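Note that this is a predicted model, so its numbers are computed, not measured.
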Amino acid sequence: MDRRSFLVTTGVAAIAAPDLFSVEAEPVAYTLPPLPYPFDALEPYIDAKTMEIHHDKHHGAYVTNLNKALESAPDLASKSLEALIGNLDAVPEAIRAAVRNNGGGHWNHSMFWKIMKKGGGGDPRGPVADAIKAAFGDFASFKAKINDTGMKRFGSGWSWLFVKDGKLVIDSTANQDCPIMTGGKPVMGVDVWEHAYYLKYQNKRADYLDAWWNTLDWDAINANYAAAK
Ligand code: MN3
């Protein structure tokens, strides 16, 4: 048996075909998810111009910069975004801050758009309403605590409801940090960066927070809660 027929007979030829070796796994780039409603859908609570800049420019930049950071670490591209930001220690130090800020920014905003809708708001309903009541008392107390937590976040960040160690927790994070980074599972969160409200509300973060409750999609929040608990 000559070398060629040996390779064909044993199947080694197919494995050894040079074109198979030249195929490299293309890193999957993150993409900006489209806003699930028109820019003006949340008027008058959140204005169209803010939504356009916030989604297209701010969220868009987090996605672009996350992809840029991951160019030097293609082995991380196969991880889900949750796995990536949930274990930042596994990210090379040179790109860790970029992945934390931009990966967090991408995750947080993707969540934020989905928990709002046109004609949203009203009292919570479904299982999350019962859980909120059990953990924080009535809806007014819960609302006040989320808003107060957002007001006390100095500078930029988020106010959150998340599940940690089986319990519902309200807390804030700085910058684009996300509860996932410390083992939490987000149920809902509100962006308190000035870019989220400054065009319409200027320095009045409290007014923006009050208005934001009129945009909430409780079905989406219930879906997050079901996944988190
Ligand atoms: Mn934002």
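A donor-acceptor distance shorter than 3.5 angstrom exists from the side chain of S110 to the backbone of H106, with no hydrogens or angles considered. At least one donor-acceptor pair under 3.5 Å links the side chain of N222 to the backbone N or O of W218. Between the side chain of D207 and the backbone N or O of K204, no donor-acceptor pair lies under 3.5 Å.
Here I85 contributes atom CD1 and I180 contributes atom CD1; the two are 4.5 Å apart, rounded to the nearest 0.5 Å. Distance CG/L42 to OG1/T50: 10.5 Å, rounded to 0.5 Å.
Within a 6.0 Å radius of NZ in K117, more than 12 heavy atoms belonging to other residues, nucleotides or ligands are found.
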Practice item. Go through the steps to decide whether V169 and V163 satisfy the test side chain to side chain contact (heavy atoms under 4.5 Å, CB included), and finish with yes or no. Key: CA-CA 6 Å; V169 180; V163 174; over 6 Å; no

Residue pair L168, Y225: steps toward the side chain to side chain contact (heavy atoms under 4.5 Å, CB included) verdict:
CA-CA 10 Å; L168 272 182; Y225 177 61; 4.1 Å; yes

Between K164 and T182, is the side chain to side chain contact (heavy atoms under 4.5 Å, CB included) condition met? List the steps.
CA-CA 9 Å; K164 193 169 182 188; T182 49; 4.2 Å; yes

Checklist entry - Can Y30 and L84 be said to form a side chain to side chain contact (heavy atoms under 4.5 Å, CB included), step by step? => result CA-CA 12 Å; Y30 289 102; L84 192 64; 4.0 Å; yes

All N/O donor-acceptor pairs, side-chain side in residues 68-75, below 3.5 Å, sequence neighbours left out:
unit_1 : atom_1 : unit_2 : atom_2 : d
S72    : OG     : A69    : O      : 3.3

Tabulate below the donor-acceptor pairs under 3.5 Å that side-chain atoms of residues 129-146 make, not counting sequence neighbours, or state none.
unit_1 : atom_1 : unit_2 : atom_2 : d
D138   : OD1    : S141   : N      : 3.0
D138   : OD1    : S141   : OG     : 2.4

For residues 184-195, run the donor-acceptor check on the side chains, cut-off 3.5 Å, and write out each pair with its distance to 0.1 Å, sequence neighbours left out.
unit_1 : atom_1 : unit_2 : atom_2 : d
D191   : OD1    : W193   : N      : 2.9
D191   : OD2    : H54    : NE2    : 2.8
D191   : OD2    : H109   : NE2    : 3.0
D191   : OD2    : H195   : NE2    : 3.4
W193   : NE1    : N175   : O      : 3.0
H195   : ND1    : H58    : ND1    : 3.2
H195   : NE2    : H54    : NE2    : 3.0

Side chains of residues 91-102: which donor-acceptor partners sit under 3.5 Å, not counting sequence neighbours?
unit_1 : atom_1 : unit_2 : atom_2 : d
R96    : NE     : L88    : O      : 3.1
R96    : NE     : V91    : O      : 3.1
R96    : NH2    : V91    : O      : 3.0
R100   : NE     : D177   : OD1    : 2.9
R100   : NH2    : D177   : OD2    : 2.8
N101   : ND2    : A97    : O      : 3.3
N102   : ND2    : A98    : O      : 2.9

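The shortest side-chain heavy-atom distance between F162 and T173 does not fall under the 4.5 Å cut-off. At a threshold of 4.5 Å between non-hydrogen side-chain atoms, the residues Y45 and K200 do not count as touching. At least one side-chain heavy atom of R153 sits under 4.5 Å from a side-chain heavy atom of R205. In this structure the side chain of W160 reaches within 4.5 angstrom of the side chain of M111, judged on heavy atoms.
Every residue two or more places apart in sequence or in another chain that forms a ring-ring contact (aromatic ring centres under 6.0 Å, His included) with Y197 is listed here: Y208. In terms of the side-chain hydrogen bond (donor to acceptor under 3.5 Å, both in side chains) criterion, residue partners of W158 (sequence neighbours excluded) are, by chain and number, Q176. Residues passing the salt bridge (charged side-chain N to carboxylate O under 4.0 Å, His left out) test with K49, sequence neighbours excluded: E52. For K152, the salt bridge (charged side-chain N to carboxylate O under 4.0 Å, His left out) partners are D148, not counting sequence neighbours. Applying the side-chain hydrogen bond (donor to acceptor under 3.5 Å, both in side chains) rule to S159 yields no partners; only residues at least two apart in sequence or on another chain are considered. Partners of D219 according to the salt bridge (charged side-chain N to carboxylate O under 4.0 Å, His left out) rule, which considers only residues two or more places apart in sequence or in another chain, are R125.
Residue pairs satisfying the salt bridge (charged side-chain N to carboxylate O under 4.0 Å, His left out) criterion with at least one member in residues 53-64, sequence neighbours excluded, are absent. Contacts classified as salt bridge (charged side-chain N to carboxylate O under 4.0 Å, His left out) and involving residues 30-48 (residues at least two apart or in different chains) are not found.
For the residue pair W212/N147, the side-chain donor-acceptor check at 3.5 Å is not satisfied.
Using the six-membered ring where Trp is involved, H59 and H55 have ring planes that are perpendicular, over 60° apart on the 30 and 60° scheme.
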